[in-house]
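First the proteins, then the strands, lettered A, B, ... as listed; each starts at 1. Fair warning: this is a prediction, and the values are worked out from it, not measured in the lab.
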Amino acid sequence: MAIECLVLGAGQEVGKSCVVVTINGKRIMFDCGMHMRYTDLRQYPDFSLISDSGDFTSSLSCVIITHFHLDHIGALPYFTQVLGYDGPIYMTYPTKALAPLALEDYRKQTERRGEKEQFTAEHIADCMKKVTAVDLKQTIHVDKDLQIQAYYAGHVLGAAMFYAKVGDAALVYTGDYNMVPDRLLGAAQIDRLQLDLVISESTYATTYRDSKYVQEREFLKAVHKCVASGGKVLIPTNALGRAQELCMLLDDYWERTNLKVPIYFSSGSTIQANLYHRILINWTSQKVKDTHARHNAFDFKNVKSFDRSLINAPGPCVLFASPGMLGGGFSLEVLKQWAPYEENLVMLPGSCSTGTVGSKLMSAKIPTQIKLDENVKIDVRCQIYKLAFSAHTDAKGIMDLVKFLSPKHVLLVHGEKPKMAALKEKIQSELGIECCYPANNETVTIPSTHHIEAGVSDAFLQSCLAPNFKFWKTNVGSDERTPPLLQVYDDRVSQGILTLQNPRVISQNELRDVLGLENHLVKFDHCCSAAYDSEISNAASDWLPSTSQRNSLLQLLFGIVSRDFPDCIMHDCQKGIQVGSFVASMCSREECPSGNADALHFRCTWSATDEELAWKVISLVKNVKLSSASLDSFRVLMDF
Amino acid sequence: MEQRLAAAAGGRNHNLFPKSLNAVLSLINNPCTSDSTLTTISKTLIFHLQNPNSNHQQILSLLSTLSDHHPRLHREVSAAVNAFILLPSIPIPALPHALSLLDPANSAALDLFSDESLFLSLCFYECVKTRKWVLRNVSKFRVRPSVLLTILLGFTMDPYPYIREAALDGLVMILNDGVVVEDRSLVGGCYFRAAELLFDADSSVRRSAVSAVSEWGQLNVASNPDECKRDWSDALFLQLCLMVRDMDVEIRVAAFNALGKIPTVSENILLQTLSKKALLSTKEKIYPGQYTEKLTKIPATAAAFTFLHGLEDDFFQVRRSACHALQTPTVPSAEFACGTVDILVCMLNDASVVVRLQALETLHHMASHGHLKVAESHLDMFFSILIDNDALIRSAMRKTLQFTKLQKLAMFRSCIENLIKNLELYPEDEADIFYALYRIGCLHRKFVVKVIQEVSQELEPSFDGKLGFNKVRTAGLFVLAISAPVSLERKTSSVPPQIFSYAVTLLGRICCGLVDVVDENTLLTYLSQCSRFTFTSTSENIEGGSLDFGLKYNRIHLHEKSNKVSSPSEILGPNEFTSPVESHVKSMSCVKIIFQKIVDLWPLIQLGCMNEVARTLRSWKEETRLFTRDSHQPAGVLVFAMNYIHTIKLLGNAWAYSLSKTNLQLKGMGALENLLGKMERRLTEMLYRLACGDTCYFEEYMRKLDFVLHSIEYLHKEGSVEISRFVTELQNASREIGNSEDKAVDMPDLLLNSLSLFSLQHIMLSGELKHLDAEVDVCGNDFRKPLPFIPGLPVGIPFEITLHNISSEIKLWLAISVGERSTQFVFLDLNEFGGSDERRKFNFVAPFFRTPIVKHLVLKVSIVMESLSEDRNLKRCNRPKHELIYLSGGREVHLSMVVR
């Protein structure tokens, strides 16, 4: 059995996340995003790879959306309304609430730009009607075999990682996640699961971010310095998420330092987003949750809404404006006005997609000129500050998550190729976990666990119930100085035997009966000569030893042997002596295989387990000399 | 019903039907059921219990309800159950229930719990529930530790997670119960098994595994030879570092708690915890341990960012625990401490008060070990904390500031300004702020001089001649000025001397703040003395050595004369909010740590680095003193610790003195003898006042030495102490001196030779120390309200006496002295006064006979104890025959002639 992963988007790139996973016959699409760089059909994943016939509803078991960012959900209305997918769609409650906002925002933008829109407002509304909202850690049975579960992922409000399980094969698709809590959201939280595969984002596959306290301090320092010298601060952010976090940070700082400089929020949607955050308090960070009964963290004391006329008002201020990457809209408008003045400051987000004004600013050396289009250029003399905050986890976070989950395989998506290669190396060498990062439209096959049902015998079950542990001392490593390590083994399961035909586990004792075999015992036989002195030999040469004499010789031997082997016993019928399974008796000459007539012989038999013991006894017998004197004295002893 | 029951008992029915079971249960629960019925019920049930065919579980649960509701039947039930367990036919599943019904006080039950075969059969019974019960109640069984350990270790392999969890908890419990495991491979086995379970799928198992790894890891470190100890300690640290990224909050908290317990970690690993990227120093290093489920080598880089992850955590519990864990490693590594300050300062801004407080405590801890280097950028954060809403936080911040060395004058200035701002905003903090100002001033004397010069205008009276010192700011500045350096010898001061006289006007307020340092009278003397000094603007003329000698002397003096440091104007410290028990545990552990560490100081003393040592000792003493503030009656242990620290200081001084030959030659033995004398007084006090006896010549010393040696020999014979090499050497030396002809010449050399063998040993306090203390008071008497007397006639003085921990066998005297010379003793017969040894309070009218012919008379009264063991004939009657130990500070009693 295998898990098949078809990467339709975000393979070795960032944008249009979409992975279709086939797992034990079930097909799940994780995320259905769009690529923001393109405006034609290239912005969507190549859905035709899923099904040639175009009947997506029957070829997919379900679609799972991790969060409301467009590169994770952007193609969904198109997929459902235009391409006609009609199966189940799952996302968390906040995602379901916030996704229409984000989609509508995007649709309006394209409308404004005069581009051809791929879906309409009705499409969005109809699409959302098909969505089933899920709660965190709620187990959803999509059908009889497939079950899914959402886990908190941080990143943005409502972001989730999804666990999917079919039969014995299980995987986790992380979506975007953050392993460090920020002011607004908590860190990703998941259980230790038995997993075959983890599909993880790897946006910052090689970045190691500094502690958030340092980031916050530097951000505040930069803002404070600017407003203290009378400058204006422009913070281009998207309406949801980052804006709220920075706002909380600033509001708090304003309170502490008693600053009176106004903080503005530009767009109405930001205010709406604040509202959503307030309602969805359960999805925010622990601190917001803990304090919201007393004080709602989104009731900002120093924040006002912005009026266009304030753009050129004198005096310092801080302004949050969307969109985040300065790709157009209000933030770009403000930038045009503020950029030419040295005292002003623009806070750029950590990463800007190439081609946007944001990315140009990031690489520019101030002062400079930036070309917006053929006719419009802006002089940039203001200060530029790059925000170190990010809602994505860094390389350490990815490693920590992979290490915690310890899956059998890791598949990386949502990142840049060279960085993914570096991370793959790290995962393989450090954690010993197989890792790959397929490109778009590639399919990767990953082996998965498959369990076979086997019956158990009662005896085996019985033996499994009671503890049965053993201790061994083993030498670890080549270092001789370290003492051998004591290890514990519980053998109750490993002592079972699996019979392959009609799979069944039985205990070792039952094996013979089950196979219908007889028990065979290997026995050793040896004729051992004992030296004796001439008197006995004279007496023995002309007669066959009588029974009584035999007995006394055996007694003599017993006396000798029992000195060294205390557990030696004399047989009842006095045919021989026994130590363990070793038995020695007088050898009658006719039967004796050695046929040596000169010596006194004892016939010895033993089983394989007592071999060592047997040879010890034999060597003892061989080395003694039986004398008549000792025989006599023995007789005397016996008489008494 | 009763009849039916009786019939059931008589008819010997084998099974009780469900209906009758319900009836029995309701009868048991009904408070109106008659005693005879209950007796019948218990008899019936007990009878059925012995029947192998009955349903034992049901009967046992009925019996347990019965004995719960009717305690008088408890013994009967217990005995019956005991008999039931001893039946050969007892079904094992019923055993746990039966065992839990036994009376633990009963000796027969004890036998059952110490029956190993019973224990083992329960353990290996095939029912998981039974196994779980046994593991959860493992502490009740008294089986050999080796058996227990083997069983527990084996059960860590169990397929059931709660059995694994219970087994791990059991392993921790064994160690906490003080079982000694010496087999290194066994210790290693337990440690590595626990480490494997750190990767268990079940979070409760992981949680238990963290504490098991911590405990067994420490034992593993201890059981390895010295040269590997550090590596194993590092390995343990790294092993626990892995758990700080667990998804379970409790596990993270437990992991940080465990990390904070590891005393020694290599510095490069500690530095790695501050950086996410692999450092060069740790890059290639690997340690034994469990890295993932399969990999058994941990790279040193696993420690990356450990503490910062904790400080960044979403849950305040984790943040607090991480803050706390930082305390231990910041002590040995200054570089690490330096790196953590930056981030700890950020924690001062945390939303949670608990975290802020813990961060401050950690900073305080660092500061008291001299590792807190404050940069200018941190100060803003520090000072914003001074105006925090929370009194606890403010107080903790001030405590930290007291130890902080500020590099620049500007920093010092803003520190003072902010403390005064704190004072203006929160006048209730006054006493504490004054103390902080004084301490900071003492630490930055040169800055004090400059600051006072800057503000001296403010401190002058306004031109209409009125002293407008009601402003809190002025009061604060006066306190700061008091800490300015003066030279008593040359009678010069570095700040305008009139400031001292102005300060006198605020004497009461200032004194409240400095109550730990000085008493009112001394301060007054000091201030009035200083106000007559001449002003030298160049502070360089005044050397640090002879600075505020008066204050310092008084501090020691004060400490000697009274052990109660608490005062009504006590400052609210964080300790005030801890319960007495908790604070006792805290103080015990603090004292234990001090005893452990004091041993490490000995090499420093031997090298003569007394300045270092004195500083450390002082900080310890401060810390100990913090605990004594909690209660009016400080625990014996604390008093012992303070005395011990003081003794070590004196010993160190004496040692340093004797070390330098020139000193000896120049100043002779006088100073050394003085020091030794002080030390001896202190030791005597410790010996007699903490229950579980002079300066002299060499002969006298020898006599004492012999006495001490004899005592040690006696103790040795009793088997309670081992004789160290130093003592044997000393015995030899004393024997040689005895034989030597020219004693005076040989003796010092011989003694000095043996001294080189002396070293401090770690003191282990095994039990509770009781501090013998006494207070004596005369109600309402002070210089304004004197008692009347007629000169020349005896006078009766009513005393109020409180005794702590003084048993009636001790001979107590009241010492009443006039001036320095004549002292009258009054015997206190404790048997007359009743009360318990722990605390006795009584009124006692003592006569004073020899009243001199004066108008006013001041008597000094203290309670003294006779030390019984050391014979010293004082050869006078009506007074103690043995050496005296002062239990209370001298109380002044004012008497005034009766005016007709």
Audit row: B/M381, A/R256, side chain to side chain contact (heavy atoms under 4.5 Å, CB included) steps and yes/no: CA-CA 10 Å; B/M381 197 64 93; A/R256 256 192 295 136; 4.2 Å; yes
Side chain / backbone / both / neither for B/L186 at chain A, heavy atoms under 4.5 Å: both
Distance, nearest 0.5 Å, that separates CG of B/D380 from OG1 of A/T257: 10.0 Å
Toward chain A, the part of B/S384 with a non-hydrogen atom under 4.5 Å: neither
Heavy-atom proximity to chain B below 4.5 Å, by part of A/L193: neither
Top of B/T292, B/D342, B/L308 for chain A proximity - count of heavy-atom pairs under 4.5 angstrom: B/D342
Engaged part of B/D202 at the chain A interface, taking heavy atoms whose separation is under 4.5 Å: neither
Sidechain-backbone polar pair: B/D314 side chain, A/Q286 backbone, donor-acceptor under 3.5 Å: yes
Atom group of B/D388 that falls short of 4.5 Å from chain A, counting heavy atoms: neither
B/F124 portion near chain A, given a 4.5 angstrom heavy-atom threshold: both
Parallel, tilted or perpendicular: ring planes of B/F155 versus A/F469, cut at 30 and 60 degrees: perpendicular
Close side-chain approach of A/R192 to B/M247, heavy-atom, < 4.5 Å: no
Structural part of B/T150 lying under 4.5 Å from a heavy atom of chain A: both
More than 12 heavy atoms of other groups within 6.0 Å of A/K212 NZ: yes
Side chain proximity check, A/Q487 to B/F192, heavy atoms < 4.5 angstrom: no
Contact class of B/C127 relative to chain A, heavy atoms under 4.5 angstrom: neither
Side chain / backbone / both / neither for A/K287 at chain B, heavy atoms under 4.5 Å: both
Nearest heavy-atom neighbours spanning B/C123 and A/P467: O-CG, 3.7 Å
Separation between SG of B/C190 and CG of A/L486, rounded to the nearest 0.5 Å: 7.5 Å
Flag if over 12 foreign heavy atoms under 6.0 Å of CZ, A/F471: yes
Region of B/D246 in contact with chain A, defined by heavy-atom distances below 4.5 Å: both
Non-hydrogen atoms of A/R217 and B/C346 that approach each other most closely: NH1-SG, 3.2 Å
salt_bridge(A/D210, B/K277) N-O dist < 4.0 Å: no
Engaged part of A/M179 at the chain B interface, taking heavy atoms whose separation is under 4.5 Å: both
Residue part contacting chain A, namely of B/L153, when any heavy atom lies under 4.5 Å: both
Interchain contact, A/E216 with chain B, by part (heavy-atom threshold 4.5 Å): neither
Contact origin within A/A188 toward chain B - heavy atom pairs under 4.5 Å: backbone
Residue part contacting chain A, namely of B/L198, when any heavy atom lies under 4.5 Å: backbone
A/K403 versus chain B, the contacting section by heavy-atom distance below 4.5 Å: side chain
Chi angles and distances behind the side chain to side chain contact (heavy atoms under 4.5 Å, CB included) call for B/L311, A/S211: CA-CA 9 Å; B/L311 297 178; A/S211 120; over 6 Å; no
Under 4.5 Å from a heavy atom of chain A, the part of B/F305 involved: side chain
Atom CD of A/Q194: over 12 foreign heavy atoms under 6.0 Å: no
Min side-chain heavy-atom separation A/Y213-B/E312 under 4.5 Å: yes
Electrostatic pair B/K276:A/D394 at N-O distance under 4.0 angstrom: yes
